[in-house]
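A, B, ... follow the sequence lines: proteins, then strands. Residue 1 opens every chain. Heavy-atom basis, side chains included; hydrogens, waters and symmetry copies ignored.
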Number of protein chains: 2
Amino acid sequence: MTPQRASVKDVAAAAGVSVGTVSNVLNRPESVADKTRAKVEKAMEELNFHRNASARQLRAGVSRTVGAIVMDVGNPYYTELARGIEDRLAVDDHTLILCSSDDDPRREARFLRLLAEQGVRGVLVTPMSTTKDRLAALRRLGIPSVLMDSSSSEHAAVGVDHVSGGRQAVAHLLTHGHRRILFLAGPAELQQTRHRLKGAIEAIQTVGLDPSEVLKVITLPALTANDGQQGLIEALGSGWDPTAVFCMNDITALGAMRELRVRGLSVPSDMAVVGYDDLYFAAELMTPLTSVRQPMRQLGWAAADLLLTDTRHDLFEPELIVRASSDFERA
Amino acid sequence: MTPQRASVKDVAAAAGVSVGTVSNVLNRPESVADKTRAKVEKAMEELNFHRNASARQLRAGVSRTVGAIVMDVGNPYYTELARGIEDRLAVDDHTLILCSSDDDPRREARFLRLLAEQGVRGVLVTPMSTTKDRLAALRRLGIPSVLMDSSSSEHAAVGVDHVSGGRQAVAHLLTHGHRRILFLAGPAELQQTRHRLKGAIEAIQTVGLDPSEVLKVITLPALTANDGQQGLIEALGSGWDPTAVFCMNDITALGAMRELRVRGLSVPSDMAVVGYDDLYFAAELMTPLTSVRQPMRQLGWAAADLLLTDTRHDLFEPELIVRASSDFERA
DNA sequence: GGATCTCCATGAATCGATTCACGCGCCGGA
DNA sequence: TCCGGCGCGTGAATCGATTCATGGAGATCC
């Protein structure tokens with residue numbers, strides 16, 4: 001068997017019509033007489049015809065693929081995002097090329113070049129510091145882009161309200177009577193850290209307390225379980241005795257809970273714990289973890305939607321998922 | 001500014017040469033005189049030229065993108081696989097289109113159609129039951145495919161040796177003195193379940209014991225934490241008293257450990273636990289989990305390598321990572 | 001019957017990169 | 001002086017789908 005693809009010309013010959021008619025069947029079926037259309041469709045079926053996307057794009061000028069560059073595809077957080085993007089693209093029969101920059105500007109540059117060569121319809125990016133200039137270069141080629149999980153006034157972007165996330169988490173702890181709360185924070189360079197801290201402070205002020213007395217911040221060098229554990233050790237050794245800890249993410253919360261177990265402190269009676277991201281195993285831990293869930297799938301959908309239809313979307317609201325680690329009644 | 005892409009024609013005009021020469025600079029630079037090449041390269045720089053992949057592929061007939069369809073991109077296991085694929089493709093300057101079938105034959109069919117239209121260089125698939133016929137149809141279009149994590153004699157494939165994985169896990173438990181081992185297994189339809197069971201039995205026979213006395217199998221309806229917990233409850237209620245449990249994956253192990261905690265049994269002294277997959281949080285649990293790590297990245301690399309260069313690869317060896325959940329000395 | 005209109009099929013031109021048969025100019029050897 | 005050979009550049013033809021100006025066949029109306 002010769003592995004050979006049928007072209008519109010082959011289909012036209014088989015159906016006894018012109019190539020223009022075949023193209024009309026594909027793109028404007030209503031403008032073709034029923035009988036003719038049936039003939040052509042039969043021929044396409046028999047020849048196992050698949051339209052050639054390259055030729056299509058070359059002539060039509062528009063592509064049906066979209067590129068997305070995320071920090072790390074290994075992170076479930078970003079794959080959720082990708083799923084949202086893909087779901088939205090499927091509606092308009094587009095395809096996604098998913099790339100992982102790994103925080104490496106060289107990888108990012110390579111992917112942007114490849115995407116430019118592909119002539120993608122647009123690019124969705126979780127930005128790093130070097131990103132913006134490159135996107136300007138893309139724009140000059142007529143390729144639009146959308147930033148994800150980042151707010152920016154100069155650039156199309158979709159994001160989640162981290163101020164609200166911080167506020168919800170801390171308000172929840174305050175409601176449960178906690179008056180000394182530890183925040184295991186990420187690096188201050190991260191917009192997310194600053195916003196969550198802002199939300200935490202707001203929550204405290206809202207109930208008329210003094211943030212400097214209620215909240216103590218420890219900045220972790222990295223967001224790993226070990227660093228979370230070390231952060232907690234540091235805090236407990238300082239003489240200040242928190243009754244609750246709000247962690248920058250679920251992994252650091254895991255580390256913090258490990259240290260609590262080592263010391264024989266129980267969760268939540270001796271110490272309440274709240275994480276962030278609501279990773280899929282948060283509910284499966286020995287003590288199910290209260291966490292702030294971010295609507296990543298919706299965020300991805302919104303980013304793709306913004307790209308395809310220029311529809312603006314508001315900041316998304318994260319949602320606090322309360323579980324046993326911060327709530328006696330569920331323990 | 002007019003967002004406009006420069007074509008070879010524009011570059012040729014700017015450099016004062018013919019389009020053929022520009023193409024030669026791109027594809028056979030050694031056949032162009034240095035001076036001419038410099039002129040052309042300068043013009044490309046100035047015009048911010050990017051070659052149009054569609055036109056390129058249309059004429060040249062070969063594509064530089066490869067499609068991969070995995071069960072579930074949300075699973076870190078598969079994203080590792082994707083990373084391996086991508087790393088291999090980068091070597092030959094190819095791009096990856098990553099698709100998630102979600103175990104849904106309709107989604108799979110849609111992606112295969114899209115990939116066929118893209119005219120991809122080849123397709124890498126983690127197969128489901130409906131896959132093989134569709135791949136035959138692709139082959140008729142001249143698109144080769146490689147199966148991942150599945151062994152097959154009729155089809156190009158790369159896989160991991162699950163017999164070895166099962167053998168290693170159970171041999172480890174036997175070495176630590178366990179003589180009543182529970183296997184929380186997946187559905188028997190899965191090749192992986194059958195292979196791991198085979199390995200487990202081999203390990204028992206190797207030390208001269210009777211598998212029917214040492215091993216008890218409970219088949220879980222799904223591989224969730226809850227089902228893992230239920231499976232353990234069922235086993236413990238049966239009167240047979242296992243001292244160790246080998247779980248089909250880390251998530252079910254999480255569920256099993258939860259039940260152990262509920263009953264006040266400690267790990268590993270009352271019950272040793274071994275998982276599978278070595279998900280990234282396995283080391284971060286309260287009791288770090290012994291697990292079987294699969295070289296997913298290498299598997300992805302091998303799949304892409306097989307596609308691009310037709311290089312065969314042997315079955316990959318999984319590796320047992322021993323941690324506190326099965327080893328007193330690390331507890 | 002002729003004028004007009006609608007419906008629908010036609011096929012040449014087009015997108016941009018690649019390929020290849022061809023030709024020009026120059027050099028060395030006879 | 002003439003010829004063969006080589007190095008290098010040329011430009012028309014090509015890939016497959018889409019578009020659109022063109023026109024033919026049949027229906028409708030006066």
Side-chain angles (χ1 to χ4, degrees), chain A residues 3-41 43-44 47-65 93 114 116-121 141-142, chain B residues 3-41 43-44 47-65 93 113-114 116-120 141-142:
Chain A
Q4 196 90 32
R5 310 182 58 141
S7 74
V8 275
K9 212 184 288 183
D10 302 324
V11 173
V17 299
S18 75
V19 294
T21 302
V22 176
S23 179
N24 281 336
V25 170
L26 289 169
N27 302 299
R28 282 177 296 281
E30 74 286 356
S31 81
V32 179
D34 287 356
K35 237 179 67 185
T36 317
R37 178 150 36 89
K39 260 196 315 190
V40 173
E41 279 167 353
M44 295 201 300
L47 296 175
N48 192 22
F49 170 79
H50 287 253
R51 68 220 284 182
N52 180 322
S54 299
R56 182 173 164 71
Q57 174 177 344
L58 174 59
R59 175 61 230 235
V62 299
S63 166
R64 295 180 157 273
T65 75
D93 212 33
L114 286 172
E117 290 185 358
Q118 292 287 333
V120 292
R121 166 85 178 260
L141 294 173
Chain B
Q4 196 91 31
R5 310 182 58 140
S7 73
V8 276
K9 213 183 288 183
D10 302 323
V11 173
V17 299
S18 74
V19 293
T21 301
V22 176
S23 179
N24 282 334
V25 169
L26 289 169
N27 302 299
R28 281 178 296 282
E30 74 286 357
S31 81
V32 179
D34 287 357
K35 238 180 64 184
T36 318
R37 179 149 36 91
K39 262 196 314 191
V40 173
E41 280 168 352
M44 295 200 300
L47 295 174
N48 192 20
F49 170 79
H50 286 254
R51 71 221 281 182
N52 180 323
S54 299
R56 182 174 164 70
Q57 175 177 344
L58 174 58
R59 176 61 230 234
V62 300
S63 166
R64 295 182 156 272
T65 75
D93 212 32
R113 175 178 63 78
L114 286 173
E117 291 184 357
Q118 292 287 333
V120 292
L141 293 174

Spacing between [X] atom [atom1] and [N] atom [atom2], to the nearest angstrom:
X     : N      : atom1 : atom2 : answer
A:Q57 : C:dT14 : CD    : P     : 21 Å
A:R28 : C:dC7  : CZ    : P     : 16 Å
A:L26 : D:dG16 : CG    : C1'   : 12 Å
B:D34 : D:dG9  : CG    : P     : 10 Å
B:N27 : C:dA17 : CG    : P     : 11 Å

Original post:
Start at the 5' end of DNA chain C and walk down; is the nucleotide closest to B:G20 or to B:L58 reached first?
Top reply: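 The 5'-side residue here is B:L58.
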
Original post:
Among D:dG11, C:dT19, D:dA17, which is the nearest nucleotide to the side chain of B:S23?
Top reply: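 Of the options given, the side chain of B:S23 lies nearest C:dT19.
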
Original post:
Is there a donor and acceptor pair closer than 3.5 Å between the side chain of B:R56 and the base of C:dT18?
Top reply: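 Counting by modelled atom types and ignoring angles, no donor-acceptor contact under 3.5 Å is found here.
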
Using a 4.0 Å heavy-atom cut-off across all strands, classify [X] as base, sugar-phosphate, or nothing.
X     : result
A:V32 : sugar-phosphate
B:S7  : sugar-phosphate
A:V8  : base
B:N24 : base
B:A60 : nothing
B:S54 : nothing

Original post:
So, is B:T21 near the phosphate of D:dT10, with a side-chain N or O under 4.0 Å from OP1 or OP2?
Top reply: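 True: B:T21 side-chain N/O within range (under 4.0 Å) of D:dT10 OP1/OP2.
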
Original post:
Do the side-chain N or O atoms of B:R51 get closer than 4.0 angstrom to the phosphate oxygens (OP1, OP2) of C:dT18?
Top reply: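 Yes, B:R51 has a side-chain N/O under 4.0 Å of OP1/OP2 on C:dT18.
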
